[in-house]
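Along the sequence shown, residues are numbered consecutively beginning with 1. Computed over heavy atoms, backbone and side chain alike; hydrogens, waters and symmetry mates excluded.
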Amino acid sequence: MATPTLRQLEYLAAVVDTGSFTRAAEQLHVTQPALSHQIRALETALGGPLLERLPRSVRLTPTGRAVLPHARAALAEADRLRVVARRATGLEEGELEVAAVYSISLGILPPVLRAWHRRHPGVRIRLREYAHAERLQEAMAAGRADLAIGPAPAGWEGPIRELGVEEFTVVLPADDPLTDRGPGEGSTAGTVALGALADRDWVHYAPDNGLAELLDQACARAGFHPRAAVRAEQTSAAPLLAAAGLGPALVPADIVPPHFDGLLLRPDPPIRRTLTAYTRTRPDPLTVAFAELLAQRARINPAGEGPGLQSR
């Protein structure tokens with residue numbers, strides 16, 4: 001059985017409201033044969049006559065009287081959908097689904113979301129968080145978000161914008177013995193070579209957290225494999241555990257809160273990764289506006305220029 005269309009429901013309502021096929025056709029700017037054809041198609045789809053043709057008017061059949069309220073409700077809902085779409089296009093109303101890796105939602109997104117809410121209070125943000133950049137990319141490919149924020153995606157064909165370069169820092173307790181070492185003993189003022197921490201047990205990350213791979217790779221370049229004193233599921237726990245003395249941690253500098261009670265040292269050589277915003281297809285106005293605000297307010301060093309999402 002064919003599904004009734006909104007056009008057919010609109011034609012039915014017009015015939016009932018005007019009481020005439022002729023007047024309904026004039027009101028809808030269609031020919032009377034075309035109108036009659038659509039009404040017959042609707043009656044066929046619904047399994048019986050909806051209108052009784054009288055010499056000077058039309059009258060609803062019992063089936064027609066049962067159908068008409070639902071037809072009007074469907075037309076009203078379609079009108080509401082069009083209004084919502086227009087408002088969303090004008091950035092007045094809607095919902096935007098944003099996906100990010102954990103460190104982004106902790107350190108970079110809060111001021112962006114605060115500014116967005118002030119500018120567009122009618123647009124809701126639904127935030128999805130992922131522990132690994134690969135899971136983030138998979139979620140975007142599956143259509144579970146409008147925009148993703150994280151490390152540059154591999155082999156991505158949609159629009160990408162570079163937001164900046166994320167710096168990593170080594171976290172230690174404020175009274176760590178490393179602070180007493182002089183230059184040439186594994187550290188200089190404000191920096192530390194990871195090799196100087198090779199004999200430590202580390203605050204590591206759970207295997208499904210992408211930062212576990214990043215730490216292993218950084219330590220491998222320094223000539224050792226980090227032993228884990230504890231593995232943190234949540235990225236935000238790592239600097240707190242390190243400051244408490246469980247071992248050094250390598251964390252994105254953006255997630256360390258102000259007035260943090262711990263020692264922060266820059267790795268030597270530095271450890272960085274480029275952060276991006278990306279979408280599956282040509283972004284809609286809401287997504288473009290959010291990407292613009294993200295580029296303006298994100299607390300990272302700018303690595304890309306130009307408005308909006310740039311195609312790769």
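Every residue two or more places apart in sequence or in another chain was checked for a side-chain hydrogen bond (donor to acceptor under 3.5 Å, both in side chains) with Gln217, and none qualifies. Partners of Arg135 according to the salt bridge (Lys or Arg N to Asp or Glu O under 4.0 Å) rule, which considers only residues two or more places apart in sequence or in another chain, are Glu138. Applying the ring-ring contact (aromatic ring centres under 6.0 Å, His included) test to Tyr205 and every residue at least two apart in sequence or in another chain returns nothing. Checked against salt bridge (Lys or Arg N to Asp or Glu O under 4.0 Å), Arg227 has the following partners two or more places apart in sequence or in another chain: Asp201. Every residue two or more places apart in sequence or in another chain was checked for a side-chain hydrogen bond (donor to acceptor under 3.5 Å, both in side chains) with Gln137, and none qualifies.
Put simply, the side chain of Leu109 does not reach to within 4.5 Å of the side chain of Glu129, judged on heavy atoms. The closest side-chain heavy-atom distance from Leu42 to Leu9 is below 4.5 Å. Residues Thr279 and Asp146 have side chains not in contact (no heavy-atom distance under 4.5 Å, counting atoms from C-beta outward). Under the 4.5 Å side-chain criterion, counting only non-hydrogen atoms from C-beta, Leu178 is in contact with Arg200. Side-chain atoms of Leu51 and Leu60, non-hydrogen and from C-beta on, do get closer than 4.5 Å to each other. Using a 4.5 Å heavy-atom threshold, the side chains of Phe290 and Leu113 count as touching. In this structure, Val15 and Leu35 have side chains that are in contact, with non-hydrogen atoms separated by less than 4.5 Å. With a 4.5 Å cut-off on side-chain heavy atoms, Val288 and Pro285 do not count as touching.
Side-chain heavy atoms closer than 4.5 Å link hydrophobic residues (I, L, V, M, F, W, Y) into clusters, and following such links, possibly through other members, connects Ile104 to Trp156. Ile125 and Val101 fall within the same hydrophobic cluster, where Ile, Leu, Val, Met, Phe, Trp and Tyr residues are linked whenever their side-chain heavy atoms come under 4.5 Å apart, directly or through other members. Under the 4.5 Å side-chain heavy-atom criterion for ILVMFWY residues, no single connected hydrophobic cluster contains both Val171 and Leu241. Under the 4.5 Å side-chain heavy-atom criterion for Ile, Leu, Val, Met, Phe, Trp and Tyr, Phe260 and Val203 are members of distinct hydrophobic clusters. Linking ILVMFWY residues whenever their side-chain heavy atoms come closer than 4.5 Å, directly or via other members, places Leu214 and Leu265 in the same cluster.
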Given side-chain contact (heavy atoms from CB on, under 4.5 Å), test Leu136 with Tyr278 step by step and report yes or no. CA-CA 11 Å; Leu136 174 69; Tyr278 58 98; 3.6 Å; yes
Before you tell me yes or no, could you show the steps for Tyr102 and Leu211 under side-chain contact (heavy atoms from CB on, under 4.5 Å), namely the whole-Å CA-CA distance, both residues' side-chain angles and the distance that decides it to 0.1 Å? CA-CA 10 Å; Tyr102 284 156; Leu211 295 184; over 6 Å; no
Begin with the C-alpha distance, continue with both residues' side-chain angles, and end with the deciding distance and a verdict on side chain to side chain donor-acceptor pair (under 3.5 Å) for Asp254 and Ser103. CA-CA 8 Å; Asp254 295 300; Ser103 62; over 6 Å; no
Should Val192 and Leu172 be marked as a side-chain contact (heavy atoms from CB on, under 4.5 Å) after you check the CA-CA gap, both sets of side-chain angles, and the distance that decides it? CA-CA 11 Å; Val192 64; Leu172 292 165; 5.7 Å; no
Between Thr5 and Glu10, does a side-chain contact (heavy atoms from CB on, under 4.5 Å) hold up when you go through it step by step? CA-CA 9 Å; Thr5 66; Glu10 181 184 14; over 6 Å; no
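Closest of all the heavy-atom pairs between Pro151 and Leu275 is N-CD2, 4.1 Å. Here the closest heavy-atom approach between residue Ala212 and residue His204 is recorded as O-CE1, 3.5 Å. Between Leu194 and Trp202, the shortest heavy-atom contact is CD2-CH2, 4.0 Å. Taking all atoms of both residues into account, the shortest heavy-atom contact from Ser236 to Pro239 is O-CD, 3.5 Å. Counting all heavy atoms, side chain and backbone alike, Arg231 lies closest to Ala206 at CB-N, 4.1 Å. What you find for Ala99 and Ala145 is that their closest heavy atoms are CB-CB, 3.7 Å.
With values rounded to the nearest 0.5 angstrom, Asp216 atom CG is found 11.0 Å from Arg221 atom CZ. How far CG of Leu68 is from CG of Asp17: 7.5 Å, rounded to the nearest 0.5 Å. Note that the CG atom of Leu163 and the CZ atom of Arg297 stand 15.0 Å from one another [nearest 0.5 Å]. Separating the CZ atom in Arg124 from the CG atom in Leu96 is a distance of 11.0 Å, to the nearest 0.5 Å. Between the CD1 atom of Ile149 and the CG atom of Leu127 there is a distance of 8.0 Å, given to the nearest 0.5 Å. If you take CG on Leu12 and CG on Leu46, they are separated by 9.0 Å, rounding to the nearest 0.5 Å.
Side chain of Asp268 to main chain of Ala193: no donor-acceptor pair is present (N/O by atom type, distance under 3.5 Å, no hydrogens or angles). At distances below 3.5 Å, not a single donor-acceptor pair connects side-chain atoms of Thr274 with backbone N or O atoms of Val165. Judged purely by atom type and a 3.5 angstrom limit, Ser20 has no side-chain atom pairing as donor or acceptor with the backbone of Ser57. For Arg23 (side chain) and Thr18 (main-chain N/O), a donor-acceptor pair under 3.5 Å exists by modelled atom type.
The number of heavy atoms from other shown groups lying within 6.0 Å of NE2 (His225) is above 12.
Screening residues 52-66 for salt bridge (charged side-chain N to carboxylate O under 4.0 Å, His left out) gives Glu43-Arg53, Glu52-Arg59 as the qualifying pairs, with residues at least two apart or on separate chains.
A salt bridge between Glu167 and Arg266 is absent, with no side-chain N of the basic residue lying under 4.0 Å from a carboxylate O of the acidic one.
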